[in-house]
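Just so you know, these numbers come straight off a predicted model, no measurement behind them. Side-chain atoms are counted along with the backbone in the values below, which use heavy atoms only and exclude waters and symmetry mates.
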Amino acid sequence: MNRVVLVSPSGSIFKSLAELGLDDLPADARPELTVLCWEPGAGEAPSIAVGHDDSGTLSGRLRLSVQRALSGSAAGRNLFRLTPWDGGSRMWRAVRRSPAARQALREAGLIVAVERDSILTAWKSVHSSLARDAAAVYGLPSARTVLKDSRPHG
């Protein structure tokens, strides 16, 4: 597996990259890491910013107030997930608009959905022509297992 794309909208992955277990792999077997996030992050892996925080705009404030109003019940949270303001839908749209993010996904052998709002992006990437040959998992423990199982034994 030559490239691993980590989809982390908040960029919180930079604090927990050690959980991926790449230090256990020989240097020549370590995959190239790329992180897709809203804002560029400073970390040991290169990041591709696919958008920006819109919470200061009128649309962003309206989205946040509707989300707060609906978050009090399971039915409200599910209703919000059906809107275009859902974080997963917003992330997928942003990734599709970014040529650099699309290229990273095309070259990926493994796509890791790090947060809940990145699951849709990982799923749609492997179920479309974008990253048809890649594998997708949710969470760093699953990614660590896939990377461990894919390394050559010898």
Report yes or no: do [X] and [Y] belong to one cluster of Ile/Leu/Val/Met/Phe/Trp/Tyr joined by side chain heavy-atom distances under 4.5 Å?
X	Y	result
M91	W85	no
V66	L79	yes
V126	V95	yes
L33	V146	yes
V114	V137	yes

Heavy-atom pair with the smallest gap, counting every atom of E115 and G11: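 Shortest heavy-atom separation between E115 and G11 comes out as OE2-N, 3.9 Å.
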Exercise: identify the closest heavy-atom pair between G139 and V112: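 In terms of heavy atoms, the two residues are closest at O-CG1, 3.7 Å.
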Donor-acceptor under 3.5 Å ([X] side chain, [Y] main chain):
X	Y	value
R106	L130	no
S98	A94	no
R102	R96	yes
S12	S8	no

Rounded to the nearest 0.5 Å, how far apart are [atom1] of [X] and [atom2] of [Y]?
X	Y	atom1	atom2	answer
K124	R93	NZ	CZ	10.0 Å
W38	S47	CH2	OG	14.0 Å
L70	F80	CG	CZ	7.5 Å

When you compare the side chain of [Y] with that of [X], does any pair of heavy atoms fall below 4.5 Å?
X	Y	value
S89	P84	no
R63	R90	yes
V50	C37	no
N2	E32	no
L105	S125	yes
L110	L147	yes

Evaluation steps, side chain to side chain contact (heavy atoms under 4.5 Å, CB included), between V35 and I48: CA-CA 6 Å; V35 179; I48 297 172; over 6 Å; no
Side chain to side chain contact (heavy atoms under 4.5 Å, CB included) between V7 and I111, worked out: CA-CA 7 Å; V7 185; I111 300 170; 4.0 Å; yes
Candidate pair L140 and L6, rule side chain to side chain contact (heavy atoms under 4.5 Å, CB included), full reasoning: CA-CA 9 Å; L140 294 179; L6 303 154; 4.2 Å; yes
